[in-house]
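Sequence positions, counted from 1, serve as the residue numbers for this chain. Given the structure is predicted, the values throughout are model-derived calculations rather than measurements.
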Amino acid sequence: MNLVIAAGQIWKRAYAAVMDSFVTSPLFRWTWASGHIGVVASKFAEVRAADHFSIKDMMAGRYVLGNKQIDTQGISPFAVEHASPKWLEELHSFSWLYHFTAARDEGEKRFAMTLALDWVARYGQYDPKVWDRATTAQRVINWVKHFEVLTYGANESQREAIVSSLLRQIQSLEVRRSFETQPHIQALIELALLGAAMSLGRDTNDIILMIDHLNDTLDAQLSDFGLHLSRSGAVHFNLLLNLVSVRQELATFSPEGAKRFLAITRKMYAALGALTLSNGDLAYFNTTGQIAHEDSLALAARSATKSVFGESRMMGGFGILLGEEAKLIADSGKLASADMVGFMMAGAGSFEYSHRNDLIVGNCGPGDADMGDDAQLFSLPAAHSALELDYHNTPPFTNKKLISDFIAANGDGPMQLDRDENSLVFKNAGYEALTGVTHKRVLTVLAHQGDALVGQDMLTCDLAHKNAPDQFLLRFHLGLGVVAEFNDAGNMIELTLRSGAKWLFLYEGATAMIEGSARQNLRTGLAPIQQIVLHGTIQPHIDVAWSFVPEGQ
């Protein structure tokens, strides 16, 4: 059955790619609309706060985008070719445009228009490098949202150049929307077209239908708890951040549609709250890395309801344990639907644990896109606070096979919540067929004992298996700023958290060591951190107990 589904997805993507190539060919592109736009009354609301210093940086040629800062040395940023894919994506989506709402003088106010005209001159007629559907949809949203900023100071011919390109982009989304195979991008395209239609004064009946269709699309992409079915917090966050920008305007066109849309976004806020740690960070699972703090605050400020989780629970394949002042989130590995599996990482059984404003244990997060094939390393179990199996010589399988087999084997989400014990019980099938190792992990948060985290990992190993490993490693990637060192006796590890709080890491059944690691960071791409590794030789039966305990408990 899985092969049939996979074959169906491959055929669907191939068909979509062929049709998209046709409608974007010169033979078809001449039908894309161009013309005149009168008043653009944007119905998008900007939820993020503009930063005047970002304007100064851009005017000086410094563009901080996609975890990278590039100094263009006075040339146009759109002339830069050798930059990271993420940097280029954010540049061409005009994700930075909102900062110019904080412009103070004529030079600053006209600079955004100058950049837009440069983009139009280089890419305004369609260029496959920067007209992919996701980037185009985000660019349309940003151009319509900040149309006055975009055209400030423009003369008639300059405004016409920007308008003509905008209309072509809108029309390109209209003709290409059916060929998008990634559901979250489908929703983004529909949102861009809806916002454009409302802002450009299109027929109200058409807008009502578009609102209903967007609601249907979102309903199909969300679990009963409101979590996006990609199981990626980053996808969920970005989609919600865009959706809330039109929420208040929908009632003008369709009160019923607006009511339904509000219910959907409320569910999405609740799910986002579930995946947010006590320190305010979104948990790093399934290609999710650091979210800009200002974006998190901006989205939270637009919440229509306060998200409160008063008890531990399971949600969308994630297990959530609450303490008095702590929160643990663990990934069961539950497989996303076939058209959303691209965000899955081999992180089943891994967890992140925070206490108050400190992240104590987490995952590495995704590798930067400009790392090329090495980015795949961050999808491995080793890049998560989870079990890794090791060999003295070259592993008998590739990283790609390990990732795919591990994800598939845990696709049923083999995790259960024990409410009485405030525990999560995870039965890891990811290594069983591949190496002959079965693994059970139990995670318990002791709320009335300082929110101590107690864990137990039990391994059963078939030593006769042809791919039986030589060694096991339990990795615990520590939070940014956490300092780990052995005590004088060498039988426990002392932790100093970023806040200065003292914790202890206790263990038995394995040997411990402290190593370097990395965690995805907005400003540096990957920031250096420490990790604790419990390791030992493979035996038929292995039982390792460990705990993170606040000092004095």
Side-chain angles (χ1 to χ4, degrees), residues 5-25 27-29 31-33 44 85-86 88-90 92-95 123 126-144 165-198 206-207 209-222 227-232 234-243 245-246 261 264 268 286-287 336-344 369:
I5 294 174
Q9 289 298 314
I10 292 172
W11 182 88
K12 181 179 178 181
R13 287 192 294 269
Y15 171 78
V18 170
M19 293 303 298
D20 191 71
S21 296
F22 172 71
V23 300
T24 57
S25 68
L27 291 174
F28 194 90
R29 284 206 310 268
T31 65
W32 295 5
F44 287 107
K86 185 65 175 175
L88 290 170
E89 177 188 342
E90 290 193 17
H92 286 280
S93 69
F94 282 67
S95 66
Y123 302 106
Y126 178 79
D127 187 310
K129 293 186 295 185
V130 298
W131 278 59
D132 64 272
R133 292 177 293 268
T135 304
T136 303
Q138 196 70 69
R139 187 167 55 242
V140 166
I141 291 172
N142 289 323
W143 278 29
V144 173
S165 179
L166 175 58
L167 285 173
R168 281 192 291 273
Q169 292 176 66
I170 293 171
Q171 183 64 14
S172 78
L173 293 178
E174 285 279 8
V175 300
R176 302 171 70 195
R177 64 196 297 182
S178 300
F179 310 129
E180 179 53 59
T181 59
Q182 296 192 55
H184 71 290
I185 298 178
Q186 291 174 352
L188 192 65
I189 291 172
E190 290 186 25
L191 176 65
L193 293 174
L194 170 60
M198 293 192 300
D206 290 340
I207 292 173
L209 292 175
M210 294 172 75
I211 293 172
D212 291 340
H213 195 264
L214 176 59
N215 284 333
D216 290 342
T217 297
L218 293 172
D219 268 341
Q221 293 186 25
L222 303 177
L227 180 66
H228 195 266
L229 293 177
S230 65
R231 302 192 66 247
S232 169
V235 170
H236 185 102
F237 182 94
N238 185 64
L239 188 55
L240 183 57
L241 185 64
N242 281 284
L243 289 171
S245 66
V246 299
F261 185 86
I264 290 171
M268 292 182 71
N286 298 327
T287 69
S337 59
D339 51 1
M340 302 190 202
V341 295
F343 300 97
M344 295 291 294

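- Across all their heavy atoms, Trp131 and Arg176 have their closest contact at O-NH1, 2.6 Å.
- The main-chain N or O of Ser93 is found under 3.5 Å from a side-chain atom of Asn142 such that the two form a donor-acceptor pair.
- Within the 4.5 Å cutoff, the side chain of Leu218 has heavy atoms near those of the Leu243 side chain.
- The structure places CG of Leu209 at 11.0 Å from CG of Leu194, a figure rounded to the nearest 0.5 Å.
- Of the possible polar contacts, none joining the Ser232 side chain to the Thr287 backbone as a donor-acceptor pair under 3.5 Å is found.
- Atom CG of Asp216 and atom CD1 of Ile264 lie 8.0 Å apart (nearest 0.5 Å).
- Gly195 and Val144 get closest at one heavy-atom pair: O-CG1, 4.3 Å.
- Note: His184 and Phe343 meet the aromatic proximity criterion, with ring centroids under 6.0 Å apart.
- For the atom pair OG1 of Thr136 and OH of Tyr126, the computed distance is 8.0 Å after rounding to the nearest 0.5 Å.
- Between Leu240 atom CG and His228 atom NE2 the span is 11.0 Å, to the nearest 0.5 Å.
- Here the shortest heavy-atom pairing between Glu190 and Leu214 reads OE1-CA, 3.3 Å.
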(request) Just do the side-chain contact (heavy atoms from CB on, under 4.5 Å) check on Arg139 and Tyr123 with the steps written out, would you? (result) CA-CA 13 Å; Arg139 187 167 55 242; Tyr123 302 106; over 6 Å; no
(request) Assess whether side-chain contact (heavy atoms from CB on, under 4.5 Å) is satisfied between Leu88 and Thr135, documenting all intermediate values. (result) CA-CA 10 Å; Leu88 290 170; Thr135 304; over 6 Å; no
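- Contact check on Glu174 versus Arg177 returns a salt bridge, with a Lys/Arg side-chain nitrogen under 4.0 Å from an Asp/Glu carboxylate oxygen.
- Pairing each heavy atom of Gln169 with each of Val140, the nearest pair is CB-CG2, 3.8 Å.
- A donor-acceptor pair under 3.5 Å is absent between the side-chain atoms of Ser230 and the main chain of Met340, judged by distance alone.
- What you find for Asn286 and Arg231 is that their closest heavy atoms are ND2-O, 3.0 Å.
- Between the side chain of Gln221 and the main chain of Pro183, a donor-acceptor pair closer than 3.5 Å is present.
- Using a 4.5 Å cut-off on side-chain heavy atoms (C-beta onward), Ile141 and Leu188 make contact.
- The two residues Leu229 and Ala336 make their nearest non-hydrogen contact at O-CB, 3.2 Å.
- In this structure the side chain of Thr181 never reaches within 4.5 angstrom of the side chain of Asp339, judged on heavy atoms.
- Rounding to the nearest 0.5 angstrom, the gap separating the CD1 atom in Ile189 from the CD1 atom in Ile170 is 13.0 Å.
- Note that the CG atom of Leu193 and the CD atom of Gln171 stand 9.5 Å from one another [nearest 0.5 Å].
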